[in-house]
Amino acid sequence: MKTSRIPGFYTQTISQRLDSLAQACGLSQEELSTFQHLAGLSLDQANYMVENAIGTFSLPLGLGLNFIINGREVVVPMAIEEPSVVAGASFMAKLARSTGGFVANTTPPEMIGQMQLLDINNLAAARTALLEHKDELLQEAGQIDPVLNKLGGGARNLEIRSIESSPIGPFLVIHLIYDVRDAMGANAVNTACERLAPRIEALTGGRVHLRILSNLADRRLARASCTIPPTELAFDAYSGEQVRDGIIEAWAFAVSDPYRATTHNKGIMNGVDAVVIATGNDWRAIEAGAHAYAAHSGRYTSLSTWGKDDDGNLAGSLEMPMAVGIVGGATRVNPAAITALKLMQVTSAAQLAEIIVSVGLAQNLAALRALATEGIQRGHMTLHARQVAIAAGASGAAIEKISAQLVAEKSVRIDRAEEILKGMLSNHD
Ligand code: MEV
């Protein structure tokens with residue numbers, strides 16, 4: 001990818017956009033056609049993926065433009081139904097370009113498998129027995145996936161936690177820490193936990209009840225940061241300093257109030273989920289991990305941080321669990337997900353995680369910038385008006401005409417759209 005800046009992309013038709021994209025990224029038209037409905041996930045493939053399949057379900061796929069992440073130009077496929085998200089991320093990525101874009105990194109891809117150990121009389125003795133046999137247990141867990149071991153992954157550690165009080169009394173929880181490399185990891189970790197259970201029961205005399213991955217992937221974190229000079233933030237009558245300080249004030253609201261933090265983090269997830277979905281990953285896992293991580297201090301708060309650096313620039317960062325894979329599961333079945341990874345030239349799960357968290361940060365900035373200045377509705381209005389026009393039955397050129405009128409009248413309502421459409425049709429007759 002020479003550049004992720006494709007000026008005027010927004011104004012092109014879909015087929016012109018595919019041409020521009022093919023030129024910019026070097027993928028063939030045929031490969032890019034997997035993003036089109038009929039060439040994407042086939043019914044046969046869907047039938048293998050879930051039970052009782054009767055079809056597939058589509059979402060719009062937009063391109064997040066202008067991203068530079070760790071010095072690399074990236075265009076980011078985003079699957080999302082909500083207007084303004086793709087435009088917001090692309091616009092903020094453009095502002096971040098002046099300082100080199102986003103810097104991102106990840107911790108090792110270590111997932112946690114949980115085993116619930118019940119029916120033990122002496123928690124301390126059970127703990128000691130497990131720790132004495134830790135090496136043997138890790139070796140056993142490591143045998144489930146020789147390919148993963150070859151790639152440098154595998155079982156890393158066993159940690160024992162005591163749950164002192166619960167509705168059924170105290171019990172032990174054993175955490176198996178497992179490096180899953182480029183996989184999301186649920187299969188490897190669940191298999192390893194199931195494999196260890198009988199030996200753990202033999203060693204402790206207890207009963208291993210649940211054996212399952214934890215979605216609070218707090219050892220597998222992705223972080224992104226960016227710096228935006230005030231000159232990039234200024235627009236209309238707003239000075240750059242005003243916008244910067246307004247964003248910091250908005251962030252302080254999210255830090256201090258869970259009601260606001262939930263919405264603030266939802267805005268981050270608008271960007272995160274869109275890329276997670278476009279790459280065939282498990283967005284429920286990412287959502288669950290994100291919100292649990294947002295509460296890891298004991299109080300639910302903002303996942304991102306915004307402040308002012310020594311030079312007066314707006315400085316933002318985002319840290320969150322990011323259990324995504326590029327091998328296995330839907331990432332390798334859905335042709336559109338395969339093309340999405342190719343388009344971003346992603347070669348590791350860590351690289352994908354770095355892109356996702358950068359998009360999340362850009363998305364958060366887009367929302368805060370709008371909220372701290374003119375409000376969210378103006379940007380939303382035009383695209384929303386188009387959806388309302390379509391829902392009212394408009395097609396072709398009528399969509400633009402009706403949506404423009406709805407926006408001009410500041411009344412983006414379906415009954416009004418139906419009325420305008422009716423008027424247009426009767427004028428035709
Ligand atoms: C809407 O999908 C997302 C926002 O509510 C996020 C926010 O309030 O920060 C605009």
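First listed ligand is number 1; within each ligand, the first listed atom is number 1. The model shown is predicted, which means the values in this text are computed figures rather than measured ones.
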Counting only heavy atoms and a distance below 4.0 Å, can you name the residues contacting ligand 1?
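Answer by chain and number: E82, R260, T263, H264, K266, G267, N270, A367, L371, I376.
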Could you tell me whether the side chains of Q45 and S42 share a donor-acceptor contact shorter than 3.5 Å?
yes
Between S304 and N364: side-chain donor-acceptor atoms closer than 3.5 Å
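Yes - a donor-acceptor pair under 3.5 Å links their side chains.
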So CG of L43 and CD1 of I54: to nearest 0.5 Å the spacing works out to 10.0 Å
Is there a side-chain contact between R220 and T106 (heavy atoms, below 4.5 Å)?
no
Contacts under 3.5 angstrom, residues 224-244 side chains, donor-acceptor by atom type, not counting sequence neighbours:
| from | atom 1 | to | atom 2 | distance (Å) |
| --- | --- | --- | --- | --- |
| S239 | OG | Q242 | N | 3.0 |
| Q242 | OE1 | S239 | N | 3.0 |
| R244 | NH1 | G312 | O | 2.7 |

E400 with R386: basic N within carboxylate O range, under 4.0 Å:
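Result for this pair is yes, salt bridge flagged.
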